[in-house]
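These notes are about the structure you will find just below.
FYI, side chains are in, hydrogens and waters are out, and symmetry mates aren't considered; it's all heavy atoms of this structure.
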Amino acid sequence: MTASPVKNSRPLRRQLLLSHLSVALVGLIMLGIALIATYDLRAKVIGLASESGPMAQASFQLLTGIRHSLASLRGWITLGDPRFLDGWREAWQEEIQPALDRLKNCPRFHAQDCAARSSRELQALLADLRESQWWVQDIVRTPGNEPARLLYNRDVEPSAANLHALLAALFQSEKEQQGDPERKALLAQTAELQDAVSTARLSLRETLGTGGSDHEHGFRESLEFVRSRLGTLAESPLLADEQRSLLLLFQDELEVFVTLAREVIQLRQSDGWNIALRTMVQETDPLADRAMALAVATATQAQTRLEQEILAAQTATAITAWSLLLMIALMLVAACFLSRLQAKAIALPITSLAEATQQLAAGRLRADIPVSADNEIGELTRSFNTLRAAMEEAQEKSRETNILLEKRVRERTMQLEAINRSLSREIVERNQTDHALRESEARLRAMARAIPDLVFVVDEEGCYREILAAGQDRTAVGNTPIRGKLLSEIHAPDMARFFLDIIHRALQTRQIQVAEYELVTASGRRWFESRSAPLDIRFAEPSPITTLHPQGDLFGPPELRRFTAKSAAIVVARDITQRKHAETRLRQAQKMQAIGQLTGGIAHDFNNLLAIIMGNLELLNEQLTTQPELYEMAQQALRATDRGAKLTQRLLAFSRRQPLLAQATDLNKLILGMLELMRRTLGANIRIETALTSDLDQTLVDPAQFENALLNLVINARDAMPQGGRLTLTTTNTLIEEKDGAATPTEMPPGPYVMLAVTDTGVGMTSESLERAFEPFFTTKETGKGSGLGLSMVYGLVKQSNGHITIQSEPGRGTTIRLYLPRIAQSARAVTEPRAADGSIQGRDETILVVEDDAEVRRFAVSALRGLGYKPLQAADAATALRVLETTPRIALLFTDIVMPGEMDGVRLATEAQRRYPGLRVLLTSGYTEHASIDQAELTAAIEILTKPYRKADLGRKLRILLDRDESQS
Amino acid sequence: MVFGLLVAGFIALAHGAETSRPLLPDAETDAMLAAEINAFSRDLERLRRFMGAPRANDLDIGIHDLMPRDLYFQTLTLWEQTDRLSFEILRTRAKPLPTPTGAIGPQDALRRLQDAHEHVRHIMRQLQITDIGGSVEGDGMATLDRFNALLNLNRQLNLLLERHISPSDVYQQVTLAIGYSARLLARYPDAIRIPEEPPFEPDKLPRDVYVRLSECLQGIVRIFDRLGLAVLKIDTRQIDLDRLQPGDVYLIATLIVSQLNFLHTHLGITQPPPQPIYPGLKFPAHTYQRAAILQAQLNQLERFLTPGQAMAPSPASP
Ligand SMILES: Nc1ncnc2c1ncn2[C@@H]1O[C@H](COP(=O)(O)OP(=O)(O)O)[C@@H](O)[C@H]1O
Ligand SMILES: [Mg+2]
């Protein structure tokens with residue numbers, strides 16, 4: 001298509017363009033007119049809303065504000081309530097001032113010259129009014145507001161009081177001059193004078209009030225009367241000199257009074273008698289009136305303006321509406337006319353073309369359409385004709401091609417179906433394999449997570465190939481990725497060699513290798529047990545599970561995952577630290593028990609031997625008093641047996657075979673009781689500190705033995721601090737929780753305990769000493785200084801008391817020994833220990849039943865008792881003893897061995913005997929016992945224990961303690 | 001000091017030139033004033049001994065270079081006190097002297113002083129005190145500052161009174177000063193003539209009032225400086241504030257009134273401020289509160305007096 005002829009021959013387009021433009025032009029003109037009208041209207045409305053309205057409003061507000069201020073001021077003047085003052089202030093601040101501000105902010109208002117002037121005038125007026133009102137409110141309630149009253153109160157009143165005082169003096173002196181009737185008249189005149197002065201004073205005061213002028217006359221009259229009375233009085237010859245001078249004074253003061261009174265009256269009568277009221281009337285009110293008048297004028301002005309504006313706005317609105325309507329009508333007409341013209345020109349050729357198109361679609365058009373005009377529509381018709389011819393030709397060709405195409409499609413479809421079938425089969429198989437693989441992976445992963453141990457693969461060159469499980473805590477491997485590292489990079493050289501050796505052995509023998517070793521880890525030294533098994537295949541690539549493992553970070557960066565195939569072993573390592581420790585503890589406990597049994601057995605037999613030796617030596621001793629040399633030898637022998645007895649006692653204590661009499665004991669009290677002894681033991685270089693819990697519970701322990709134990713600990717501390725230091729004794733209540741003690745049976749059972757800690761700042765112990773400290777005869781001290789039995793005795797005592805003991809010590813860091821003793825809730829009976837009076841150990845012929853299976857010992861006991869002045873009976877076993885108790889009356893005390901053959905031992909016998917004879921005292925004796933300790937609560941009456949072997953004197957003392965004890969105490 | 005006073009007096013006279021009153025030469029007046037003060041103090045001392053009143057100790061309140069008007073107000077206080085004394089002793093009051101019109105000169109102060117002195121002599125005669133000093137001829141007290149001498153006379157006189165100068169009196173003076181300031185502020189349409197009173201603060205002493213008032217006085221001094229007017233100098237740095245009595249505070253209040261009064265006449269304002277009246281019992285705290293109003297007024301005045309804008313009568317002034 002060429003450009004120029006087409007451009008020139010487009011009348012249709014031009015026509016259309018012209019008609020649309022003319023319609024748009026009409027619309028635009030109309031819009032413009034509407035806009036102008038609206039703007040005009042808007043300006044008017046804005047003026048109304050923002051100025052004229054508010055101005056009128058402000059003026060009215062001003063008016064009410066002024067009225068409010070006036071009313072408040074009046075209220076304050078008449079009633080004096082300060083709330084009116086607040087109201088006055090409010091009127092100015094919240095009504096008048098804002099209103100004035102608003103008035104000033106109306107620029108249109110000020111455009112008019114007269115309005116501006118009146119606004120300024122209003123402002124000045126209001127300022128004057130406010131000031132004037134301020135002065136009124138400030139003075140109205142002050143005393144100075146009424147000068148007359150002020151003068152009266154300040155000066156007249158004192159003057160009147162003076163007059164009264166003078167007259168009173170006169171009257172008094174007259175009364176004293178008793179006598180003739182003339183004098184009586186004088187007295188009466190004085191009284192009248194007094195009266196008149198009072199009246200004058202009162203009327204003067206009355207003049208001060210409202211309508212005061214009525215009283216002025218009264219005042220003058222009474223003043224006259226005073227004057228005349230004064231004249232007569234002054235002339236009276238009866239007056240004494242003193243009275244005359246009083247009268248003179250009175251006259252003088254009266255003159256002052258009168259002058260002042262005149263001044264008061266003058267002030268009261270002047271129009272300034274009330275300054276505030278005068279100001280109000282003369283100044284404030286006129287100002288207010290002027291201000292209000294001006295405000296009203298402004299308001300009216302504003303009102304008028306408002307009305308004018310409204311009218312103007314209404315007119316403008318109407319004009320705008322009408323002109324708009326007219327425009328719309330005009331435009332409608334124009335648009336109608338133009339459209340019709342246009343439609344006619346375009347519609348006819350297009351209709352014929354449309355018909356031809358329909359025919360062509362139906363395939364009925366066989367001939368060209370005639371071209372009607374030489375415009376765009378003519379051209380369209382020509383193109384249409386060309387199109388028609390082309391379409392006919394194309395239809396013919398396509399029919400042939402279609403047939404060929406259909407044949408090819410059928411062939412291809414068949415091929416595709418065959419391929420599809422084989423593919424589906426393959427996919428099903430794939431899915432099955434995949435599922436199986438995933439299942440197996442999941443199983444493995446779960447296993448790896450569940451295993452508490454460390455599982456990893458190490459190849460023949462000692463390289464960590466894979467970590468399958470890292471254990472619950474990763475302490476053993478730490479947080480560094482070890483995959484791909486060599487054993488020697490992770491461990492010390494000797495350990496690395498050891499591990500590699502195991503791997504090689506496993507690979508060579510093709511058998512599982514078990515090894516135990518200790519390893520230094522981040523959390524300290526730990527024991528491990530490893531099992532290494534050779535892998536059946538050569539290890540090449542990591543299995544897929546490791547890459548999916550959640551702890552993937554352990555396995556190093558991905559580039560390290562390429563390995564060459566090597567034979568490898570899988571290693572399962574288990575942390576057996578706890579088991580190892582438990583084993584050690586168990587061994588220690590077993591050792592202690594074995595030693596205990598051994599020493600206990602020896603000590604028991606030894607004790608009995610010693611008892612016999614001691615008994616006989618004592619008897620011998622008594623016989624030898626006359627032969628000093630022999631006596632001394634016997635004494636030495638006795639001392640030796642004493643030492644032996646002490647030794648066995650300690651051994652027994654360690655082996656927990658010491659007869660103990662457990663009592664509810666307050667450890668604090670016990671410690672405090674021992675402080676003095678401890679101080680003496682420790683010497684001046686060592687300071688003792690105590691930190692005792694004030695509400696410490698009681699514990700069940702044999703107090704005597706415990707004192708012994710504590711003393712042993714203190715002595716050890718002293719030996720550990722040769723240069724001096726500090727010893728601290730601490731007591732607290734503690735609760736051992738279940739989990740703390742659950743580790744092994746040798747730990748103490750959970751529950752409430754009382755804890756005593758003995759801390760020193762001494763040399764401390766090596767770990768070796770620590771391990772063996774409780775062993776009997778273990779000592780690090782030079783021979784002769786330490787026996788090695790101190791701590792073992794303490795150990796035995798605490799264990800026998802169901803307690804527990806720990807040592808915490810490091811060389812150079814001091815030592816803390818903690819004793820845990822079971823707590824008891826009930827408060828114990830206060831067992832006071834009456835010492836035998838002045839050491840007397842002699843009996844008073846009381847009957848005592850001795851029960852002892854060993855005949856030798858029994859014989860010694862009986863003879864000792866007899867020597868002490870008792871009447872002994874004897875029995876070899878419990879059954880006999882009960883029979884003797886039954887048949888013999890008045891047995892005061894049962895003295896029985898604890899360990900006896902037969903069903904009933906000493907304790908049971910004592911219990912049974914006391915059940916039958918509640919008042920019976922019991923002295924138990926033993927060198928050895930199977931009982932943990934004898935709980936005194938089991939026995940009702942007073943009970944004591946005498947450890948075997950004993951001296952006669954010990955026996956005597958114990959007996960007296962028991963027998964002298966109050967019935968009530970048991 | 002005296003020279004300064006003379007110069008100041010000269011300036012004041014130059015200002016008051018339009019009120020043509022027959023004036024004594026200044027130097028002469030000044031000498032007479034000095035002599036009069038001397039005689040007055042001698043008589044007062046005699047009266048004091050007669051009455052057995054305590055002696056006032058001298059105090060410098062740190063105000064210097066005073067104008068004749070300041071002296072005048074000082075003598076006015078003296079006069080008021082002698083009048084009060086006369087009433088308390090003799091029960092008589094004097095006729096008030098007319099207040100001087102126009103600029104106040106040294107003669108006005110002299111006249112007041114003479115009148116007050118005459119009061120005292122009258123009292124002494126009535127009390128039959130014979131050795132009243134006769135001569136009023138000047139002698140050698142040229143060295144003593146007139147103002148401080150008057151000040152000390154006032155302090156002494158106050159001690160002779162039964163009803164001393166009280167915080168209420170100070171209160172009245174401050175109220176008067178407020179009145180003057182309101183008149184001055186009326187020239188500015190946008191001024192708040194009597195600003196809101198601040199809340200009452202209890203536990204104030206005369207010294208607190210003194211401090212606030214001396215601040216006001218300093219404000220006034222600044223205003224005078226702006227207007228190019230001569231004014232007294234105030235220096236409160238060396239004052240022992242604890243020794244101040246209500247009388248001393250009263251003094252500074254009268255000084256303030258004196259300055260404002262001057263400004264008032266200087267600017268040709270005709271409407272006088274309301275006369276202060278007895279306000280009832282007031283504490284220093286009340287005066288302190290009231291002085292805050294004055295301070296706010298003076299601040300406004302100072303603000304309106306921006307440089308270049310002299311205190312020309314504004315068209316809005318009624
Ligand atoms: N407080 C202590 N400080 C340091 N070492 C101690 C302390 N108590 C005990 N020991 C060590 O334990 C060993 C055993 O103590 P013990 O059984 O009392 O025997 P002994 O005191 O007779 O040596 C002591 O030799 C000492 O090495
Ligand atoms: Mg020891």
In short, R193(B) meets A124(A) closest at the heavy-atom pair NH2-O, 3.8 Å

If I measure from the heavy atoms of chain B, does Q93(A) come under 4.5 Å with its side chain, its backbone, both, or neither?
side chain

L90(B) versus chain A, heavy atoms under 4.5 Å apart: side chain, backbone, both or neither?
neither

Quick check on T175(B) against chain A: is it the side chain, the backbone, both or neither that has a heavy atom closer than 4.5 Å?
both

Atom CZ of R154(A) with >12 non-hydrogen neighbours under 6.0 angstrom:
yes

For R89(A), which atoms come within 4.5 Å of any heavy atom of chain B: side chain, backbone, both, or neither?
side chain

Heavy atoms from other residues, nucleotides or ligands near CD of E242(A) exceed 12 (cutoff 6.0 Å):
no

In plain terms, say whether D155(A) and R91(B) are close enough for a salt bridge, that is, a side-chain N and a carboxylate O under 4.0 Å apart.
no

Mind checking the CD1-CZ spacing from I192(B) to R130(A)? Nearest 0.5 Å is all I need.
7.0 Å

Engaged part of E253(A) at the chain B interface, taking heavy atoms whose separation is under 4.5 Å:
side chain

Under 4.5 Å heavy-atom distance to chain A, tell me which part of L281(B) shows up: side chain, backbone, both or neither.
neither

How far apart are the C-alpha atoms of I178(B) and W135(A), what are their side-chain angles, what is the distance that settles it, and do they pass the side-chain contact (heavy atoms from CB on, under 4.5 Å) test?
CA-CA 10 Å; I178(B) 289 175; W135(A) 286 111; 4.2 Å; yes

Is chain A contacted by the side chain of E196(B), its backbone, both, or neither, given a heavy-atom distance below 4.5 Å?
side chain

Contacting region of L125(A) [heavy-atom separation from chain B under 4.5 Å]
neither

Counting heavy-atom pairs closer than 4.5 Å to chain B, which one of E255(A), E121(A), Q123(A), R141(A) comes out on top?
Q123(A)

Chain B heavy atoms under 4.5 Å from L150(A): which part of the residue, side chain, backbone, both or neither?
side chain

Using side-chain contact (heavy atoms from CB on, under 4.5 Å), reason through D138(A) and E197(B) one step at a time and then give a plain yes or no.
CA-CA 11 Å; D138(A) 192 48; E197(B) 208 167 25; 6.0 Å; no

Between N145(A) and I277(B) the two heavy atoms that sit nearest each other are N-CD1, 3.3 Å

As an exercise, state the distance from CG of L151(A) to OH of Y278(B), rounded to the nearest 0.5 Å.
13.5 Å

I need the residue from Q275(B), Q172(B), R163(B) with the largest number of non-hydrogen atom pairs under 4.5 Å to chain A.
R163(B)

Check whether more than 12 heavy atoms from other residues, nucleotides or ligands sit under 6.0 Å from atom CG of D241(A), and answer yes or no.
no

Residue part contacting chain B, namely of T279(A), when any heavy atom lies under 4.5 Å:
neither

